[in-house]
Novice: 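I'd like to ask some things about the structure below.
What you see is a predicted model, and the numbers here were worked out from it, not measured in a lab.
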Amino acid sequence: MQAFPFDEGRPVEHCAALPERADVVIIGGGIVGVMTGYYLAERGLRAVVCEKGRIAGEQSSRNWGWVRQQGRDPAELPLMIEANRIWRDLSKTLDLGFRQTGVLYLANRPDDMAPFEAWMAHARAHDLDTRLLNRAEVAALVPSSADWHGAILTPSDGRAEPWQAVPALARAAAARGVMIREGCAVRRLDMAAGRIAGVITEAGRIACDQVVVAGGAWSSLFLRAHGIDLPQLSVLASVAATGPLPEVFAGQAADSRFAFRRRADGGYTLAPCGFHEIYVGPDAFRHLRKYLPQLRADPLGTRPLPAAPAHFPDAWGTPRGWAGDEQSPFERIRILNPRPNRRALARVQDSFAAAFPAIGRPALARTWAGMIDTMPDVVPVIDRAGPAGLIVATGLSGHGFGIGPAIGRVVADIAAERAPGHDLHRFRYSRFSDGSPVVLGPSL
């Protein structure tokens, strides 16, 4: 079985010398960080992306590769519609593996159709091409032995290749003048008179007036070291890739048991549906109350695991504070590379074989896992927070790859003090401290 291609053994591609000063420093080289830099350069601002490991080394390369509008939280949907347009436009000049092949959610039981029917109101409000399918229409679209009772389909939704797309976007950002440095952790913010004055990295200080924290699963740890409480946790998601197989559906589909996506190499990306795991650590206890609505809504969806591996963000021994001249937790482990749950993936193989007996039980060419940064209400934080000059863009809750280009554009405009073009009230940082109830997004 092949190793996961995005680990610390991957050669450094981006090694720009750190400037003494920038307009904006971006912490994190995932899709949101890269696209924030891309659009900052378009607006004439000097941007530096600091990535402690490798570009797209964590969740931006470990996701399913879906670019979906279907099933989004109503507040996310306008952003995702923009993101879909950006993917199409960028694919005209960049090889991102992007194709509009549709997203299909399948109903295992008649009752599963109710949330699909409810979400159609949002699709109609935004003139999406989403439609409901009956049993016969599903059978014609995806010939299968599974007894699916119906489905919801959005043909304009797409797929891209994470291992290919985010590195290509980073090269495009660098070509625009964004300075990208891999293997360079930002240790701390540098403050003066209550506002951002720069950042202290392991390779030296960069003066700047604004900082974007887009560190995925590491964001909460970094912010907490500066007295900013963000109730973000990370869940472990296991994924696999098969070798080339006959095509059963050109896009991506999911029922209550498993999800699959056709890959550009002729294989499928497979994953369990409705199942994650969480390492129980200090933050899991600290934020438990805020996550109770999510746990009550899906009590079996997340399986607790014992203490996290050493140096993970919520491991018991991970420091919560450090000085700028000390080695930070971000240097002790450059890339989160958790072990996948082989039993969960074996169940996915069984489900795929039951649905498509002509293909049989697919062999797995690769297996991997990633840590998904999630929030109590399953929507991100996109907001200014803490000291003047700090912008937080994190907690994408498993939705980040597809929507990432639009969030990068919005964050760049926030930094440039331009109108973001969307209502961001749902994504405000203060919603976790102003007494607002936790309102969960759609569970599609």
Novice: Can we say E277 and R339 salt-bridge, meaning some charged N sits less than 4.0 Å from an Asp/Glu carboxylate O?
Specialist: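 No, this pair does not count.
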
Novice: Please determine if R428 and D383 form a salt bridge, counting it only when a charged side-chain N lies under 4.0 Å from a carboxylate O.
Specialist: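 No, no charged N to carboxylate O under 4.0 Å.
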
Novice: According to the interplanar angle, ranging from 0 to 90°, do the rings of Y105 and F116 count as parallel (below 30°), tilted (30 to 60°) or perpendicular (above 60°)?
Specialist: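 Ring orientation, 0 to 90° scale: tilted.
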
Novice: Taking D377 first and then R426, would you say they form a salt bridge - that is, a charged N and a carboxylate O separated by under 4.0 Å?
Specialist: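 Salt bridge: yes.
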
Novice: Does W87 form a ring pair (Phe, Tyr, Trp, His ring centres under 6.0 Å) with W66? I'd like the steps, not just the answer.
Specialist: CA-CA 12 Å; W87 279 103; W66 293 31; over 10 Å; no

Novice: State which residues pass ring pair (Phe, Tyr, Trp, His ring centres under 6.0 Å) with F427; sequence neighbours excluded, sorted by chain then number.
Specialist: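 So F427 forms no ring pair (Phe, Tyr, Trp, His ring centres under 6.0 Å) with any residue.
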
Novice: In terms of ring plane angle, is the pair F222 and F330 parallel, tilted or perpendicular, where the classes change at 30° and 60°?
Specialist: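 Rings of F222 and F330: tilted, 30 to 60°.
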
Novice: If you measure from the Lys or Arg side-chain nitrogens to the Asp or Glu carboxylate oxygens, is any gap between K92 and D89 under 4.0 Å?
Specialist: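 D89 and K92: salt-bridged.
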
Novice: May I ask you to say whether E202 pairs ionically with K52, meaning some side-chain N is under 4.0 Å from a carboxylate O?
Specialist: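 Salt bridge flag = no for K52 with E202.
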
Novice: Take N341 and R347, measure what side-chain hydrogen bond (donor to acceptor under 3.5 Å, both in side chains) needs, and give me the verdict at the end.
Specialist: CA-CA 10 Å; N341 185 319; R347 291 193 293 270; 5.2 Å; no

Novice: Are R43 and D413 close enough for a salt bridge, meaning some N to O gap below 4.0 Å?
Specialist: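 So R43 pairs with D413 through a salt bridge.
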
Novice: Under 4.0 Å between a Lys/Arg side-chain N and an Asp/Glu carboxylate O for D229 and R286?
Specialist: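 No, D229 and R286 are not salt-bridged.
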
Novice: Looking only at side chains, do W218 and E58 share a donor and an acceptor under 3.5 Å apart?
Specialist: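 W218 vs E58: donor-acceptor pair found between side chains.
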
Novice: Is there a side-chain contact between D283 and R320 (heavy atoms, below 4.5 Å)?
Specialist: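 D283 vs R320: side chains touch.
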
Novice: Give me each pair satisfying salt bridge (Lys or Arg N to Asp or Glu O under 4.0 Å) with a member in residues 387-408, each pair once, sequence neighbours excluded.
Specialist: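 Every candidate salt bridge (Lys or Arg N to Asp or Glu O under 4.0 Å) pair involving residues 387-408 fails, so no pair, neighbours aside, qualifies.
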
Novice: Does R176 pair with E42 as a salt bridge, N-O distance under 4.0 Å?
Specialist: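 Yes, this pair counts.
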
Novice: In terms of side-chain geometry, is the basic nitrogen of R109 or D111 positioned less than 4.0 Å from the acidic oxygen of its partner?
Specialist: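 No salt bridge links R109 with D111.
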
Novice: Determine, for E331 against R187, whether the closest basic-nitrogen to carboxylate-oxygen distance falls under 4.0 angstrom.
Specialist: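 A salt bridge is present here (some side-chain N lies under 4.0 Å from a carboxylate O).
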
Novice: With side chain to side chain contact (heavy atoms under 4.5 Å, CB included) as the test, pick out the partner of V212 among L40, V392, V25, V411.
Specialist: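 The residue from L40, V392, V25, V411 that satisfies side chain to side chain contact (heavy atoms under 4.5 Å, CB included) with V212 turns out to be V411.
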
